[in-house]
Asker: 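Got a structure for you, written out below as structure tokens; questions coming shortly.
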Amino acid sequence: MFKNFGFLIYIMKIMKVLDKKIGETEYTKYRINLPKKVVEETKLLDKEVTARADKGKIIIEKDE
């Protein structure tokens, strides 16, 4: 049985991407593709945000 809780759960993957290699040193970045609906609802597109870790979660917040 499906219950509507008023929100959707999206499955995403954190990807490790090679940014650049200088000599023997490799620099990497991490990327997450966010669902369009989530980004539009938060109105954070093109805004400065910060990310922090808290009890096994990644939290993205608007800079104030």
Side-chain angles (χ1 to χ4, degrees):
M1 183 170 151
F2 175 79
K3 279 191 166 183
N4 184 357
F5 293 105
F7 62 89
L8 296 174
I9 297 174
Y10 297 96
I11 305 298
M12 294 167 282
K13 183 185 285 186
I14 299 174
M15 297 166 281
K16 184 176 180 179
V17 180
L18 178 65
D19 184 36
K20 58 187 165 187
K21 185 174 182 179
I22 300 176
E24 295 296 316
T25 307
E26 292 183 349
Y27 297 91
T28 58
K29 290 184 178 183
Y30 296 91
R31 294 184 180 165
I32 302 174
N33 290 330
L34 299 171
K36 180 180 177 180
K37 185 172 182 175
V38 171
V39 173
E40 289 174 348
E41 286 180 3
T42 60
K43 296 183 173 125
L44 293 178
L45 186 62
D46 297 325
K47 304 283 192 245
E48 293 288 325
V49 296
T50 57
R52 64 182 170 88
D54 185 26
K55 299 178 185 174
K57 296 180 181 181
I58 298 173
I59 300 169
I60 301 171
E61 298 174 313
K62 181 180 173 189
D63 281 343
E64 303 220 18

Asker: For the atom pair CG (D46) and CD (E48), what is the distance rounded to the nearest 0.5 Å?
Answerer: 10.0 Å
Asker: Let's go through M15 and N33 carefully: what are the C-alpha distance in whole Å and the side-chain angles of both, what is the deciding distance for side-chain contact (heavy atoms from CB on, under 4.5 Å) to 0.1 Å, and is it a yes or a no?
Answerer: CA-CA 9 Å; M15 297 166 281; N33 290 330; 3.7 Å; yes
Asker: Rounded at 0.5 Å granularity, tell me how far CG in L44 sits from NZ in K62.
Answerer: 7.0 Å
Asker: Could you walk me through whether I14 and I58 pass side-chain contact (heavy atoms from CB on, under 4.5 Å), step by step?
Answerer: CA-CA 11 Å; I14 299 174; I58 298 173; 3.7 Å; yes
Asker: Looking at every non-hydrogen atom in both residues, tell me the closest pair between Y27 and I22 and how far apart they are.
Answerer: CE1-CD1, 4.1 Å
Asker: With sequence neighbours excluded, what pairs up with E61 under the side-chain hydrogen bond (donor to acceptor under 3.5 Å, both in side chains) test?
Answerer: R52
Asker: Quick one: do L34 and M12 satisfy side-chain contact (heavy atoms from CB on, under 4.5 Å)? Show the steps, please.
Answerer: CA-CA 7 Å; L34 299 171; M12 294 167 282; 3.8 Å; yes
